[in-house]
Amino acid sequence: MFKILERETLAEHINKFVVEAPLIAKKALPGQFVILRLHEKGERIPITICEADPEKGTITLVVQEVGKTTYELGTYQAGDEIADIIGPLGKPAEIEKVGTVVAIGGGVGTAIVYPEAKAFKEKGNYVISIIGFRSKRFVILEEEMRKVSDELYVTTDDGSYGMKGFVSDKLKELIEEGRKIDLVIAIGPAIMMKVVSDLTRPYGIKTIVSLNSIMVDGTGMCGACRVEVGGKTRFACVDGPEFDGHQVDFDLLIKRLAMYKEEERIALERYLKERGKA
Ligand code: FAD
Ligand code: FES
Ligand code: MG
C-alpha cells in the first residue's frame with residue numbers, strides 16, 4: 001500500500017498527490033512514470049513522476065480527472081492509500097547541455113515537462129518555457145515553471161490569461177523572431193505535439209515528444225502502447241515514452257487513443273451514478 005501524504009487541488013479537475021514510495025523515489029529520473037492501481041478492482045493507469053524526493057521517500061503525481069479511474073483518484077485524500085504503484089518505468093529523458101531548450105507543456109503536460117525543464121536548467125541550458133491552457137482557471141505550476149526557466153510564457157486558448165492562442169503560436173513567434181533554438185521538448189495532448197513537430201520540422205529543430213499511448217503492463221509485454229516511429233513499431237512504455245517528434249505517426253496514435261472511448265464513457269457514467277448513490 002502507498003500512503004498519500006498530501007493532496008492539493010491545483011486547478012479545476014487537476015490534483016496533486018505526494019505519495020510515500022521510498023524505493024521509487026530513490027531511483028526516479030526525469031521522464032519516467034509509474035503505473036498505479038487504486039484498489040483490487042481497479043485498472044492500471046500510467047502517471048508521470050512529476051517530482052521525486054529520495055530523502056523524504058516521496059513522489060509527486062499531478063493527475064487530471066478525465067475518466068473513471070482519475071475521477072476516483074480525485075476523491076482520495078491525505079491518509080488514503082493506493083493499492084499498487086510500480087515504477088519507475090520508461091526510459092529517462094536524455095538531459096544534455098545543448099544550448100537553448102524550449103520546454104512546452106500543454107495542460108496537464110506542464111506537470112510532465114516540469115521535471116525536464118528543471119533538469120535542463122540544472123545542466124546549464126538556457127530554458128524558455130511555454131505553457132498553455134484552455135483558460136485562466138486551468139493554469140497550473142506557473143510559479144514552479146518560472147523558477148526553472150530563464151523565460152516563461154503562458155498562453156490560454158480564450159485569452160483570459162497570458163497570450164491568447166496556442167503554445168505553438170508562441171513557439172512560431174520565437175522562431176520567426178530568429179531566436180536560436182537547439183531543442184524543443186513538447187508534452188501535452190497528441191494533437192499539440194503533432195502541431196509543434198510539424199512547425200519545427202522545416203527549420204530542422206530537434207523536437208522530443210512524450211507519447212501518452214494507452215498502457216497496461218508497462219513492461220513491453222502486452223503491446224497495448226505500440227506506436228509507429230520512423231516507420232517502425234515501438235513500445236512507448238519501454239522504448240519511450242520520449243521519441244523524436246519528427247518521426248512519430250501522430251494520426252495513428254490519435255486513432256489508437258480513441259479505441260475504447262465508448263467503454264470509457266460507460267465506465268465513467270456508471271461510476272458517477274454509483275457515487276451519486278453512495
Ligand atoms: P478513461 O475514461 O479510461 O480514459 C480517458 C482517455 O485516457 C482515453 O480515451 C485514453 O486516451 C486515455 N487512457 C485511458 N486508459 C489509459 C491507459 N491505461 N493508459 C494511458 N492512457 C489511457 N495523465 C495525467 O493526468 N498526469 C500524468 O502525469 C500523466 N502521465 C502519463 C504518462 C504516460 C507515460 C502515459 C502513457 C499517460 C499519462 N497520463 C497522465 C494519462 C493518463 O494515464 C490517462 O489520463 C488515464 O489513464 C485515464 O484514465 P481514466 O480511467 O481516468 O480515463
Ligand atoms: Fe504493454 Fe507497453 S504497456 S507493452
Ligand atoms: Mg479508464
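Computation of the quantities below employed the complete heavy-atom set of this structure, encompassing side-chain atoms and omitting hydrogens, waters and symmetry-equivalent molecules. Numbering of ligands and ligand atoms starts at 1, following listing order.
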Q.
Does ligand 1 come near enough to Gly67 that some N or O of the ligand is less than 3.5 Å from an N or O of the residue?
A. yes
Q.
Distance under 4.0 Å to a non-hydrogen atom of Ile112: what atoms of ligand 1 satisfy this?
A. 27 (C), 28 (O), 29 (C), 30 (N)
**Q.** CZ on Arg134 to CG on Asp158, rounded to 0.5 Å
**A.** 9.5 Å
Q: May I ask you to identify the nearest protein heavy atom to atom 52 (O) of ligand 1, giving residue, atom name and distance to one decimal place in Å?
A: Thr70 OG1, 2.5 Å
Q. Among Glu142, Lys136, Arg137, whose side chain to side chain donor-acceptor pair (under 3.5 Å) with Tyr161 holds?
A. Glu142
Q | Close approach, Glu43 and ligand 1, non-hydrogen under 4.0 angstrom | A | yes
Q. Quick one: does ligand 1 sit under 4.0 Å from the side chain of Val62, the backbone, both or neither, non-hydrogen atoms only?
A. backbone
Q | Within less than 2.8 Å of atom 1 (Fe) of ligand 2: protein N, O or S atom count | A | 2
Q.
For the CE atom on Met221, are there more than 12 heavy atoms of other groups (residues, nucleotides or ligands in this structure) within a distance under 6.0 Å?
A. no
Q: Measure the distance from atom 25 (O) of ligand 1 to every protein heavy atom, then report the residue, atom name and distance (to 0.1 Å) of the closest one.
A: Gln64 N, 2.8 Å
Q: Classify the contact between Glu65 and ligand 1 as side chain, backbone, both or neither, using a heavy-atom distance cut-off of under 4.0 Å.
A: neither
Q. By number and element, which atoms of ligand 1 are closer than 4.0 Å to a non-hydrogen atom of Lys261?
A. 9 (O)
Q: Do me a favour and list the nearest non-hydrogen protein atom to atom 4 (O) of ligand 1 with residue, atom name and distance?
A: Glu264 CD, 3.4 Å
Q: Below 4.0 angstrom from a heavy atom of Leu257, which ligand 1 atoms are there? Numbered from 1 as shown, please.
A: 8 (C), 9 (O), 10 (C), 11 (O)
Q.
Residue-level breakdown please: for Ser213 versus ligand 1, do any non-hydrogen atoms fall below 4.0 Å on the side chain, on the backbone, on both, or on neither?
A. backbone
(Q) Restricting to non-hydrogen atoms, name the atom on Ile131 and the atom on Val167 that form the minimum distance, rounded to 0.1 Å. (A) C-CG1, 3.8 Å
Q: Determine whether any heavy atom of Arg44 lies closer than 4.0 Å to an atom of ligand 1.
A: yes
Q.
Side chain or backbone, does Val108 bring an N or O within less than 3.5 Å of an N or O on ligand 1?
A. no
Q: Of the side chain and backbone of Thr48, name the one, both, or neither that has a heavy atom under 4.0 Å from an atom of ligand 1.
A: both
Q: List every atom of ligand 1 that sits less than 4.0 Å from any heavy atom of Thr69, numbering the atoms from 1 in the order shown and giving each element.
A: 50 (P), 51 (O), 52 (O)
(Q) For ligand 1 and Met215, I'd like to know whether there is a polar contact (N/O to N/O, distance under 3.5 Å). (A) yes
Q: Verify the neighbour count for atom CD of Glu55: are there more than 12 heavy atoms of other residues, nucleotides or ligands below 6.0 Å?
A: no
Q: At a cut-off of 2.8 Å, list the protein N/O/S atoms near the Mg ion (ligand 3), residue plus atom name.
A: Glu43 OE2
**Q.** Protein contact of atom 21 (N) of ligand 1 - nearest heavy atom, named by residue and atom, plus distance
**A.** Ile214 CA, 3.8 Å
(Q) Quick check on contacts: which atoms of ligand 1 are under 4.0 angstrom from a heavy atom of Ile45? (A) 47 (O), 49 (O)
